[in-house]
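Accompanying notes for the structure given below.
Counting starts at 1 for both ligands and their atoms, in listed order. Please read all numbers here as calculations on a predicted model, not as lab measurements.
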Amino acid sequence: MIIAHSWCGDNNGYSAFNNEVKRYTDVRPSERQLAFNDMKYYNFIHFGVNTFTDREWGTGEEDEKVFNPSELDTDQWCRVLKNTGSKGIILTVKHHDGFCLFDTKYTSHSVMNSPLGKDIAALLKESCEKYGLKLGLYLSPWDRHEKTYGTPEYNDFFVNQLTELCTKYGDIFCFWFDGACGEGANGKKQIYDWDRYYETIRKYQPNAVIAISGPDVRWIGNEGGKVRKSEWSVIPWTQRVLEEVAENSQKNEADGQKMISFDRVDEDLGSREVLFNKADLRWSPAEADVSVNYGWFWHDEEYYRKNGYKKGSSRTGKELAEIYFNTVGGNASMLLNVPPDKRGLINEREIKILNEFSEIIKNTFKSPVEYEAAAITEDFSERSLFSKEFMLQDDEAGIKIMPSDSFKTVLLEEDIRFSQRVEKFEIYADGEYMDSYTVIGSGKIIRFDKAISAKELLIIITQSRGNPVIKSIKLYK
Ligand code: FUL
């Protein structure tokens, strides 16, 4: 068998080592980004006045009394989500309508003046602790209720609320700031004091990541769970990154349906051509936010029929599993929204879909296949690998694997503490070329159509930014 290239030979015409390449691999995740990265799959909970008024965007005029869940049970949310693979929950403590699900001193427009009269963030904190889930908070910058919106005082209001959220609910893993703002925004334009928001979070919750309209986690750019073919974590950072979040976000309530099917997956954010000579490169991991339903808040089937949603209310478990394989297996994380219904419970309809989804994921990764592994040089002499975490040496082309059984799925992970390095690789089974792939990053999931029963699997790295550092290679039946 002839392998035309090895990363260490000509690296496909791309330098493996020089100052420019080193600049890219010197960009590495922070501790908080590393911890976040390990989560991979976690959930959104959209809950609020919209749940009761059957809207996706509230007006800000809603009476607090409409918020009236009859059987609210945050333990049930955690049980359902934990059982279906979640690592954490991000709750909409305030959506664009300004109604707060937490006990705040700064507005009376909150759950404390609803018939429920209980702080839902506090209840969820308790439940998350009980079930071993991390807690995250979505606080909408755009606020249609708050009178100071559009003035500098609104920044004080927002920082005051953030401070409450930072100091009363234990460890928060993520603050999620979306980019939406309605056209016209009630005739008001708010200049957000982002720096002050970020400083507040860093001061009180230094381990929390700030997502989307923030420096730590990058929005994938659509709400359909689509990642780019090559999703890069090192990108040039400019003010544009945040401006684009705002520009590409939803502009009106009816847009929701479009957003869900919109793919913005072609742009190249971080190849060498893009990074070349750019200043301020940053570690910016991608996150895909997706909803179980074709909407963020809970609605019954009638709502979806009335509003012309041809596919009905929800994605199937199988569709969600595909999204999981493509996002978690495409160097991104998956944030799946599961909205509670009017009772304040995750509905049987969504539970069924989640169960179907998690069965597929569990089955895919249920039976690991043992193997022996060796690093190989271009002429295929071998160096045995004692540990499965290893860095390839300069004269090595890839990894040779001798599986003990047939397999259908391969999971590769780079050790991203050393940045993202692998640019291209190929797989051969018993000498036969299977396919070529781009990027690995935090995780690459490769699923073959049928079981491969090869004695020898070669993973040849054909292009890399310096020595590839592979954290793990796993095979599954
Ligand atoms: C968007 C919002 O407009 C949607 O309602 C939803 O919350 C989504 C996650 O973020 O910006």
So which protein heavy atom does [atom] come closest to, and at what separation?
atom                    : answer
atom 7 (O) of ligand 1  : His46 NE2, 2.6 Å
atom 5 (O) of ligand 1  : His95 NE2, 2.9 Å
atom 11 (O) of ligand 1 : Asp178 OD2, 2.7 Å
atom 2 (C) of ligand 1  : His96 NE2, 3.3 Å

Quiz item: Does a side-chain heavy-atom distance below 4.5 Å link Arg79 with Lys130?
Solution: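 No. Closest side-chain heavy atoms not under 4.5 Å.
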Practice problem: Have a look at Tyr138, Trp296, Trp142 and point out the one with the heavy atom closest to atom 10 (O) of ligand 1. | Solution: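 Nearest heavy atom to atom 10 (O) of ligand 1 lies in Tyr138.
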Quiz item: Heavy-atom contacts under 4.0 Å between Asp289 and ligand 1: side chain, backbone, both, or neither?
Solution: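 The side chain, only.
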Quiz item: Cut-off 3.5 Å, side chains only: do Asp119 and Tyr169 have a donor facing an acceptor?
Solution: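 Short answer, yes.
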Practice problem: Look at atom NZ of Lys118 and say whether more than 12 heavy atoms of other residues, nucleotides or ligands are closer to it than 6.0 Å. | Solution: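 Counting neighbours around NZ of Lys118, 12 or fewer heavy atoms of other residues, nucleotides or ligands fall under 6.0 Å, so no.
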Quiz item: Within a reach of under 6.0 Å around NZ of Lys362, are more than 12 heavy atoms found that belong to other residues, nucleotides or ligands?
Solution: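 Yes, enclosed.
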Quiz item: What closest approach, in Å, do Cys174 and Ala211 show between heavy atoms, and which atom pair accounts for it?
Solution: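 Scanning both residues completely, I find the closest heavy atoms to be SG-CB, 3.9 Å.
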Exercise. To the nearest 0.5 angstrom, please state how far the CG atom of Asp435 sits from the CD1 atom of Ile427.
Key: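 Reported value, rounded in 0.5 Å steps: 8.0 Å.
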Self-check item: Donor-acceptor contact present, side-chain Lys82 to main-chain Trp77, <3.5 Å
Solution: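 Not at all, since once roles are kept as given, no pair shorter than 3.5 Å links the two residues.
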Quiz prompt | Distance filter under 4.0 Å to Ala180 heavy atoms, resulting ligand 1 atoms | solution =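 What qualifies from ligand 1 is 3 (O), 11 (O).
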Exercise. Under 4.0 Å from a heavy atom of Phe44: give me the atoms of ligand 1 that qualify, with their elements.
Key: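 So the answer, numbered in order with elements, is 9 (C).
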Quiz item: Is the closest N or O pair between Trp176 and ligand 1 shorter than 3.5 Å?
Solution: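 Between Trp176 and ligand 1 (N or O atoms, distance only) the closest approach is not under 3.5 Å.
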